[in-house]
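For reference, the structure discussed in these notes is given below.
Count residues from 1 along the sequence.
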Amino acid sequence: MRIDARTRLITLIGHPVEHSRSPLIHNTALEEQGVNAAYVATPVAEEALDDAVAGLRALNFLGANVTTPHKQAVRPLLDAESERAAAVGAVNTIVRGEDADGEPLLRGDNTDVAGFLEPLTAPDLEMQLEGEEMLVFGAGGAARAVAYALLTTFRPTRLTIVNRTRSKAERLAGDFALHDARDALRVTKPDDAARAVRTSRLVVNATSLGMHPNTEGTPWPHADDFTEDQVVYDLVYTPEETRLLREAAARGARTIGGLTMLVEQAAAAYQQWTGQPMPVDVVYEALRSASPSAT
Ligand code: NAP
């Protein structure tokens, strides 16, 4: 990668950021396509967020990604946001454009929504999932993007949110009532979720259970509840095949791992910064060869 006086920068704003895969993903794609831009990761403390966002404007950045703990706090610092970012209540991507007077304009988006949906848009799957019962483990930032994506895309008859901290699940259900035309949202304690797990066509893990190094973790240890009629989707991508996916696959369920979402949410941001589709094949190759045991 050659850096010169025309190189545009993109940064990840978060704390911590050192373990992020986003620099590898984006720099691989930028280099592959000969785009004169570079992606860095900058740790930003909570009290420095305003200055960091002002820097994006002043320093002619192409844009940024935003991660924990700034995904909500960054919203009022931007000039505009997409409908999905407003609905989810979190921004993970900032695109720097200009207004009619040439002044910098920062627009927030939430590409986790599109990234999550991408593997579910295979025509056979889309038909299977329309109007079905679904269940999401978790009520954090990722679960909010998932719930919004499922409600607005598949209009499920039932969408059960299962979370350790019930109040967070209730808040999520309350926040999305507007998008819940079928009154599908329900909140259930993990101990009471067996029936909903069995009757759901799609089961999503949006908790961090199962993530490296605690790879024996799973949001649902009762593997007998899974069947071949189900799709089990784990947002965790380290390891690439989690315990949840392994056990669901052994019962014949169709499984989807989190690596696709990781790459596709990045691709949706990359397209907005560069105007080009991300060359995802080289990105997968780079990710798998960077840490074959972890992914
Ligand atoms: P978050 O906002 O911190 O939420 C974490 C969620 O996990 C909460 O629902 C939390 O429950 C639950 N949880 C954590 N530890 C738990 C435990 N020991 N037992 C039961 N529940 C537990 O995090 P997030 O941003 O939503 O991310 C969640 C997961 O999704 C992470 O593993 C992340 O890597 C993954 N993710 C993947 C992608 C992708 O592109 N593939 C994108 C985004 C996120 P409480 O509310 O009870 O604390």
Side-chain angles (χ1 to χ4, degrees), residues 1 9-43 62-68 71 92-94 109-122 140-142 145-146 149 204-215 217-218 231-246 248-249 254-274 276-295:
M1 179 180 298
L9 283 177
I10 307 164
T11 189
L12 172 65
I13 295 173
H15 206 284
V17 292
E18 291 77 12
H19 300 293
S20 169
R21 311 251 162 133
S22 295
L24 175 63
I25 292 174
H26 288 289
N27 287 320
T28 299
L30 293 167
E31 204 162 337
E32 172 75 12
Q33 294 188 324
V35 179
N36 193 355
Y39 188 110
V40 295
T42 43
L62 264 185
N65 278 136
V66 185
T67 189
T68 314
K71 283 184 173 185
N92 79 333
T93 299
I94 300 173
D109 191 14
N110 188 313
T111 63
D112 279 340
V113 175
F116 168 74
L117 283 172
E118 212 286 333
L120 298 177
T121 53
V146 167
V204 180
N205 177 30
T207 75
S208 46
L209 288 165
M211 191 164 80
H212 181 82
N214 302 314
T215 53
T218 172
V231 180
V232 178
Y233 188 155
D234 201 335
L235 267 54
V236 171
Y237 52 86
T238 52
E240 197 168 349
E241 188 184 52
T242 59
R243 175 179 164 194
L244 175 72
L245 294 186
R246 199 171 59 244
R254 183 163 170 169
T255 59
I256 301 170
L259 198 63
T260 311
M261 176 175 170
L262 178 73
V263 173
E264 293 297 337
Q265 61 77 26
Y270 183 92
Q271 170 91 46
Q272 295 183 60
W273 295 323
T274 67
Q276 293 175 211
M278 176 179 270
V280 290
D281 290 350
V282 293
V283 168
Y284 281 115
E285 208 179 298
L287 281 168
R288 291 194 168 114
S289 55
S291 55
S293 60
T295 53

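- Asn110 is linked by a side chain to side chain donor-acceptor pair (under 3.5 Å) to nothing, counting only residues two or more places apart in sequence or in another chain.
- Two residues are said to be in side-chain contact when any heavy atoms from C-beta on lie closer than 4.5 Å; Leu235 and Asn205 fail this criterion.
- Within the 4.5 Å cutoff, the side chain of Val204 has heavy atoms near those of the Phe116 side chain.
- To the nearest 0.5 Å, atoms OG1 (Thr93) and CG (Leu12) are separated by 10.0 Å.
- Shown here are the side chain to side chain contact (heavy atoms under 4.5 Å, CB included) partners of Thr218, two or more places apart in sequence or in another chain: Pro221, Arg243, Leu244.
- Residue Ile13 holds its CD1 atom at 13.0 Å from NZ of Lys71, rounded to the nearest 0.5 Å.
- Qualifying side chain to side chain contact (heavy atoms under 4.5 Å, CB included) partners for Asn36, counting only residues two or more places apart in sequence or in other chains: Asp4, Arg6, Thr7.
- Interatomic distance, OH of Tyr39 versus CD1 of Ile10, reported as 7.5 Å (0.5 Å rounding).
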Item to check | Steps toward side-chain contact (heavy atoms from CB on, under 4.5 Å) verdict (Asn65, Trp273) | outcome: CA-CA 11 Å; Asn65 278 136; Trp273 295 323; 3.4 Å; yes
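- Taking the side chain to side chain contact (heavy atoms under 4.5 Å, CB included) definition, one finds that Leu9 meets it with Ala38, Phe61, sequence neighbours left out.
- Shortest non-hydrogen contact noted between Thr28 and Ala286 is OG1-CB, 3.7 Å.
- With hydrogens and angles disregarded, a donor-acceptor distance shorter than 3.5 Å links the side chain of Thr121 to the backbone of Glu118.
- Side-chain atoms of Thr274 come within 3.5 Å of backbone atoms of Gln276 as a donor-acceptor pair (strictly under, hydrogens ignored).
- Side-chain N or O atoms of Asp109 include none that pairs as donor or acceptor with a backbone N or O of Thr111 at under 3.5 Å.
- The CD atom of Glu32 lies 11.5 Å from the CE atom of Met278; values are rounded to the nearest 0.5 Å.
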Pairs of donor and acceptor atoms involving the side chains of residues 254-269, under 3.5 Å and at least two apart or interchain, shall be tabulated with distances.
residue: Arg254; atom: NH1; partner: Asp124; partner atom: OD2; Å: 2.8
residue: Gln265; atom: NE2; partner: Leu262; partner atom: O; Å: 2.9

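- Side chains of Tyr270 and Val283 form no contact here, defined as non-hydrogen atoms less than 4.5 Å apart.
- Shortest non-hydrogen contact noted between Tyr233 and Pro119 is OH-CG, 3.3 Å.
- Contact record, Pro279 with Ala29: CD-CB, 3.7 Å, taken as the closest heavy-atom pair.
- Residues Thr238 and His19 fail the side-chain proximity criterion, which asks for heavy atoms closer than 4.5 Å.
- In terms of heavy-atom proximity, Gly14 sits nearest to Thr67 at CA-CG2, 3.7 Å.
- Counting heavy atoms from C-beta outward, Tyr237 and Leu287 have side chains that stay 4.5 Å or more apart.
- Legend: residues meeting side chain to side chain contact (heavy atoms under 4.5 Å, CB included) with Pro277, ordered by chain and number and at least two apart, are Gln271.
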